[in-house]
Amino acid sequence: AAGGASRGSVGASRVPSPTPGALCAQRPGAEPRQLSSQKKFDEIKKANQAAARKLAEEQFSSSSEDDDEDAEIKQGKILAKTFTIYTNQTDGDASELERTRQYMNEAFQSGAMTCLICIASVKRNQAVWSCCGCFCIFHLVCIQKWAKDSLFLVSSPLTDDDFGKKDYPWPCPKCRFEYKRSETPNKYYCYCGKVENPTVDPWLVPHSCGQICEKEFKPPCGHKCLLLCHPGPCPPCPKMVTTSCHCRKAKPVPRRCSAKEWSCRLPCGRMLLCGQHTCENPCHSGDCQPCPRVSKQRCICGRQTAERLCASPQWQCEQVCGKALPCGNHTCEQVCHAGPCGDCPRSGKRSCPCGKSKFTLPCTEDVPTCGDSCDKVLECGIHKCLQRCHRGPCEICRQEVEKQCRCGKHTKRMPCHKPYLCETKCTKIRDCQKHQCRRKCCPGNCPPCDQVCGRTLGCRNHKCPSGCHRGSCNPCPETVDVKCNCGKTVIKVPCGRERTIKPPKCKQLCSRPPTCHHPTQEKHYCHFGRCPPCRQSCQKTLTCGHLCPVSCHDEALVKQTGIHQFAGPWEQPSEPAFIQTVLPCPPCEVPIPTSFIFNFQVSPLPCHSAGPYSCKRFCGRLLSCQNHTCMKECHHVTKINSNADGKKAGPECLQCEEECTKPRPLGCPHRCVLPCHPGDCPSCLQMLKIKCHCKLSALYIECLKLTSADVKEKDLLTSCKNQCPKQVSSGHQSPHLILDQAAQGPIQLGLEHLQGWGIHNLSGQPVLVPHHSLCKELKILPKVYLQDNISEYFIHGLTVEA
């Protein structure tokens, strides 16, 4: 991101070559447009650079949480790389690295590295400073301001002459470890202090240079730290040295340099201070303890004997010495002492009580007063005692003087021994720069403010408990435990960060009871909020007897719609709400071998739809008419009789609605009066209207009689029994026999023989048919008309062609 920002800045600084448009910029009005364009360009440039910086900060932020397992694996590799040289010295033992490991984990963990001054997270690409006392990390800018403010507050009461003469220290905000003024940080270094401005490397500990630390161990042992540049304290020295025990009695053994002092657990045996006994404690470091034994010892004066600790042989009794002094008149008044009592304190030259005169008198006589004035300085320090030389203390000063009050604002005549304090209250501001002194008759050296600061600290949880002061308050010293949901994983964070830091990742399994029908829930880590949806197989028994194989659906989230009605177009639709509900088990999808309804073939079907099913073909069962088959799609048929043929239609099949299409008897032009039916058609009982042979009379004859009659019977049926009025070619009337012979021709009037005859329907459309042989001889053209109802069938007159 930084590279992108630099490329953007280089590209922005290039000056374009002159163009004709640029040459026209010298015209009136072109200069303001050029300035506005340059202004827009600069704004866009700044926005791009700010976006690049923000992207870099977000990418390399130590407070950003890596939730995936790859980040944890990467962190483990970095820690292993840092500890490699140390663990090689200890044969893989890393028990002494726990404290250092904790500091390194905090450097990686989200929000764990917090600047106590500004209460903000410390990021990878920010300059920092680490305290060498508590190893707490601060922003470099924050600690510089802290040191400057601390030095100013300490040196502010000094005068201009004293300022700068003494090197006042400034403390660490957390542990109060003091640093000199010259130790104020002004550059950004790595933890070991070798590299200035270390580069950001995602494969190193944040703010580390990646080199070996090489700091001297504390306490110093002559060796240096073997870890890579790291935060926190250096671990104990892992080197192996040969050393003996404290009492030097055991043979030297190889041990870790950090634990080279050891005890052989044998008795010490050194002579104690009493000079009579030896130390009986196990081998130990340092001086031996005082002798614990008890013995009878005399006091200093030797008069009394008592049982006392052997470690304290000298003691005093409470008796006065009482020995006669050399003067022979007095006795020693000292309490139990050693040596001679000394001379009598009343012997030699002695002074009078005022000290002006000296006398040489026997020790049995008291020194008299000299009679001169005392002249000792009284307690006021100004006047002298005016009494004559006297024994005992002088009286108080009773002289009246003009006294000035302590603040110097008022004067009053009063006895010298009495102090004079006025009632005027001091109005000066104390060193906190907030409150007035308000002390009566203040001499000017106002005391520090005695009120409590009480300002809310940066943590927003506590108030400053210090006395009222100038400048910013010290950071809150409290730490807060941030726990996971189960409370087994805890991290300590500065007070105030518990509201913004994310809870630590807990490796313990969630112990909440399952909320679905399963006895146990899937294993997952400790977490806050609702447990993830159960992904176990449902395994509920379905109505068919199979187990539900889909994922658990006891707590399915269903989108809620149509609940809220908008008041108007100004109200924006919100995100859809989801409710948790129990969904029923889906239909069973276990494949079951199932046959068609006609049992033609077997196919696997889902269990919920298993059973005889349609093959989508026509049914094909023979209907009750015995002429047609069922044209419905393959369907279920109820068997009325168990012995019935499986190919016969059932109640569910179609009912035949066709007309009867069976062939009619020869010569019958009518259709069957019944719908499609089994068996033979009933006899046709309709009446036919036909002309007789002579075409003069209309006859009505049953169709059955006409169609079932033979030739002779037909001639009789179609005869009107009258004389034929037609004339033959000779000019006489035709005898009946000729017409009978003409009627005896093979003219069949059945419906199936109408195809080849000259048939006309009522619309007048003729159909030519082959002529009767006799008609051809007689040149007769028959004309047949078929009415629409096919109820009558008659032949018009036989026309003789000329």
Side-chain angles (χ1 to χ4, degrees), residues 67-70 485 507-563 575-624 628-655:
D67 292 329
D68 51 345
E69 296 181 358
D70 294 339
N485 188 38
K507 295 300 182 182
Q508 301 292 330
L509 295 178
C510 180
S511 59
R512 297 180 183 177
T515 55
C516 60
H517 67 278
H518 291 104
T520 59
Q521 61 177 348
E522 287 182 306
K523 293 182 179 180
H524 60 279
Y525 292 134
C526 170
H527 62 91
F528 287 92
R530 185 180 299 169
C531 288
C534 179
R535 300 185 183 276
Q536 301 181 68
S537 179
C538 178
Q539 296 299 309
K540 287 183 180 179
T541 304
L542 302 176
T543 55
C544 61
H546 295 115
L547 299 179
C548 181
V550 300
S551 298
C552 181
H553 44 82
D554 286 354
E555 295 180 339
L557 292 178
V558 179
K559 183 178 179 181
Q560 245 181 343
T561 57
I563 297 178
E575 295 184 358
F578 290 87
I579 59 173
Q580 203 172 44
T581 183
V582 179
L583 294 180
C585 293
C588 182
E589 297 291 338
V590 176
I592 301 296
T594 307
S595 61
F596 292 154
I597 296 176
F598 285 161
N599 300 322
F600 291 148
Q601 66 184 45
V602 177
S603 297
L605 288 182
C607 181
H608 71 276
S609 60
Y613 68 100
S614 173
C615 61
K616 305 299 181 182
R617 292 180 291 186
F618 293 122
C619 174
R621 293 175 181 266
L622 187 62
L623 298 179
S624 59
H628 301 95
T629 56
C630 180
M631 301 302 292
K632 284 179 70 175
E633 187 181 284
C634 180
H635 61 89
H636 175 73
V637 177
T638 303
K639 291 185 179 181
I640 301 177
N641 187 1
S642 59
N643 298 325
D645 188 2
K647 295 184 179 181
K648 291 185 177 181
E652 292 81 6
C653 292
L654 289 175
Q655 297 296 326

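Hydrogens, waters and symmetry mates are skipped; everything else that's a heavy atom, side chains included, is used.
- Looking only at distances, a side-chain donor or acceptor of H517 sits under 3.5 Å from a matching main-chain atom of C538.
- In this structure, the side chains of R621 and E652 stay at 4.5 Å or more apart for every pair of heavy atoms.
- Nearest approach of C588 to L542, heavy atoms of both residues: CB-CD1, 3.6 Å.
- T541 places a side-chain heavy atom less than 4.5 Å from the side chain of L547.
- When every heavy atom of R535 is checked against every heavy atom of E522, the shortest pair comes out as N-OE1, 3.0 Å.
- Between L654 atom CG and S624 atom OG the span is 11.0 Å, to the nearest 0.5 Å.
- The shortest heavy-atom contact between R512 and N485 is NH2-ND2, 2.8 Å.
- With E589 contributing its side chain and P549 its backbone, the two residues share no donor-acceptor pair below 3.5 Å.
- Atom SG of C526 is separated from atom NE2 of H524 by 8.5 Å, given to the nearest 0.5 angstrom.
- Contact annotation: the side chain of C531 never approaches that of E555 to less than 4.5 Å [non-hydrogen atoms, C-beta and beyond].
- Residues H518 and S537 come closest through the heavy atom pair NE2-O, 2.7 Å.
- Put simply, the side chain of Q580 does not reach to within 4.5 Å of the side chain of T515, judged on heavy atoms.
- Residues C653 and K632 are not in side-chain contact: their nearest non-hydrogen atoms beyond the backbone lie 4.5 Å or more apart.
- Note that CG of L623 and OG1 of T629 are 6.5 Å apart. Values are rounded to the nearest 0.5 Å.
- The structure places CG of L557 at 6.5 Å from CZ of R530, a figure rounded to the nearest 0.5 Å.
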Q: Using the side-chain contact (heavy atoms from CB on, under 4.5 Å) rule, take C534 and D554 through it: C-alpha gap first, then chi angles, then the decisive distance, then the call.
A: CA-CA 8 Å; C534 179; D554 286 354; over 6 Å; no

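- Considering OG of S511 and CD of Q521, their distance stands at 8.5 Å, rounded to 0.5 Å.
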